[in-house]
Protein chains: 2
Amino acid sequence: MPFHDMLNHGVMSVSIGVPMAAMPYRPSAEPGAGTHCAGCAARHIGLCDALVDIDLPELAAAAQWRTIRSGALLMTEGDPARYFFNINHGTAKVYRDLPDGRRQITGFVTAGYFVGLGMPANYSASVEALEDVRLCRFDRLTLRALFVTFPSLERKLLIATGNELLIAQAQMLLLGRKSALERLASFLLAWIEPASPAGTRLPMGRSDIADYLGLTIETVSRNFTILRQRRLIAISTEQEITIVNCAGLTGIAIGAAA
Amino acid sequence: MPFHDMLNHGVMSVSIGVPMAAMPYRPSAEPGAGTHCAGCAARHIGLCDALVDIDLPELAAAAQWRTIRSGALLMTEGDPARYFFNINHGTAKVYRDLPDGRRQITGFVTAGYFVGLGMPANYSASVEALEDVRLCRFDRLTLRALFVTFPSLERKLLIATGNELLIAQAQMLLLGRKSALERLASFLLAWIEPASPAGTRLPMGRSDIADYLGLTIETVSRNFTILRQRRLIAISTEQEITIVNCAGLTGIAIGAAA
DNA sequence: CGGAATCTTGACGTTAGTCAATTTCTGTGG
DNA sequence: CCACAGAAATTGACTAACGTCAAGATTCCG
């Protein structure tokens, strides 16, 4: 169960995958086999999950499909917060920067996550795609109007925002009180399928992991080596990781081991 | 504008100020002058702010007034999350502990704040009163039922939860990337009225500040001294602080000064 | 196969933590 | 009002963990 966080979403300078720039979504114009939200791969993990199939067209009319290329920005901190996003596929990083360049990644967002929760007038963070990202973009005013018709949308967002807050709390404990080794162990447990023998490919590099854990890239690398040498994890090809000793890794992550 | 955070709220072992243990709130039985929610000091900063006066009685019927003595727990991490709280007066700390005793305070809650946002079945943090705290306690199931009648309550909570998330993001940046001096400067700016020449009394001690900023009590103390020696703040009587040079303090807080 | 980017490893420096007094504050009672 | 005791805060000397700087090794892709 991967992590996440985020906050805003935004006016963006991104490449557009589906050629329907400012055009409202139309079922008949949809790409892929499903051709409408009910057939979307993210149908039951995204915002639409709050609605029954019969009500989907109204939500779909407010949604715009986009594909964000790897490395492109979904939103930039400080920009007017016009849009709200629902990720359907791919991974992006949410981060804040200090004036001198120090960066803190506050979360990674994957399929099903909302970007733009609890936003004020301007985005409070930047979001960059780590791989190609498919998403639904909503105009915030349009979406707010839909809340009146479908209170279940608002409930879904309230639950999602609450979950974000829980994850943020856990991350504050990690950043404020855990050692480098404990941070890395916690991170891997959240991202790697514990059972998978084949190994899981991490979508982010060492630099992003460092910015997420409040460490430097060198410290992350050193602690990867420590975990590997202690036979707690196995590293096949760089970011292809396998958890070898889940109990041992968990012990380190929760701070049980001295 | 003080900070905050929080998450759960809970089954609690607390002293009860207003003698109406499990009895539903009744206007005629209310303490103080206002004698009902419309006269409450927190009328326009709490949950009730989402309702017009005419609808208040319905919300009031679901609320129970409580006073939590300084040092008592509002909730304990892991306990079943039966209640939701709305602080009316006083300050409390929200924290998580690691098994070996390391503690991270994820936020301080004051008048107007909600405790128990986005909660799962069990409280995910403990909350302890730093001074006597007055609050309204709601049964979570009862409150959820009210959401159907008054969608504005849910909207209020969504906005509040979103604000929490923004604050949590800022705190992650602080914990992950700021120096001890920058952390303390950021904290003081959030808690001390910049203009007040008389000085503001902090409700928390050095130990709580340390647990909030991810530092030790000694490091907090040393950096208080540094800020005082640089004439950025003045310390009258221990936790009675005045901001002397707001611009200078802000410069440190945002990481502008090298 | 080659070059750039990413990752790893090593030597050394800096910041904050640890351990230990000492000082200051708070509150209580004489 | 002052004296005292306990708690909280400050200060100092030293240590440990992580950051910085600098090579090298690997991986990735054309």
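Any value given below was found using the heavy atoms of this structure, including those in side chains, with hydrogens, waters and symmetry copies removed. Within every chain, numbering begins at 1; the chains are lettered A, B, ... in the order of the sequence lines, protein sequences first and strands thereafter.
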What residues form a salt bridge (Lys or Arg N to Asp or Glu O under 4.0 Å) with B:Lys93, not counting sequence neighbours?
B:Asp208

Which donor-acceptor pairs under 3.5 Å do side chains of residues 242-250 of chain A form with protein atoms, sequence neighbours excluded?
{"residue": "A:Asn245", "atom": "OD1", "partner": "A:Ala247", "partner atom": "N", "Å": "3.4"}
{"residue": "A:Asn245", "atom": "OD1", "partner": "A:Gly248", "partner atom": "N", "Å": "2.8"}
{"residue": "A:Thr250", "atom": "OG1", "partner": "A:Cys246", "partner atom": "O", "Å": "2.8"}

Closest non-hydrogen contact found for B:Tyr212 with B:Gln104 is O-NE2, 3.1 Å

Output the rounded distance in Å from CD1 (A:Ile235) to P (C:dT6).
18 Å

A:Arg206 CZ to C:dT9 P: how many Å, rounded?
11 Å

Chain B contact limits on DNA chain D, taken 5' to 3' with a cut-off of 4.0 angstrom to heavy atoms:
D:dA9 to D:dA13

How does protein reach along nucleotides 15-24 of chain C, written 5' to 3' as B (base within reach of a heavy atom under 4.0 Å), S (only sugar-phosphate), or - (no contact)?
-SSBB-----

Applying side chain to side chain contact (heavy atoms under 4.5 Å, CB included), can you list everything that pairs with A:Ala253, at least two apart in sequence or on another chain?
A:Ala185, A:Ser186, A:Leu189

Listed by chain and number, what are the salt bridge (Lys or Arg N to Asp or Glu O under 4.0 Å) partners of A:Arg134, not counting sequence neighbours?
none

Could you tell me the separation between the CD1 atom of A:Ile226 and the P atom of C:dT9, rounded to a whole number of Å?
10 Å

Residues that A:Arg177 engages under salt bridge (Lys or Arg N to Asp or Glu O under 4.0 Å), provided they are two or more places apart
B:Asp211

Test side chain to side chain contact (heavy atoms under 4.5 Å, CB included) applied to B:Ser221 - qualifying residues, sequence neighbours left out:
none

Salt bridge (charged side-chain N to carboxylate O under 4.0 Å, His left out) partners of residues 219-236 of chain B, not counting sequence neighbours, each pair once
none

Taking five pairs at each end of the helix from C:dC1-D:dG30 to C:dG30-D:dC1, what angle separates the two helix axes (nearest 10°)?
40°

What residues, two or more places apart in sequence or in another chain, satisfy salt bridge (Lys or Arg N to Asp or Glu O under 4.0 Å) together with A:Arg206?
none

List the residues meeting side chain to side chain contact (heavy atoms under 4.5 Å, CB included) with B:Ser179, not counting sequence neighbours, and say none if there are none.
B:Leu181, B:Glu182

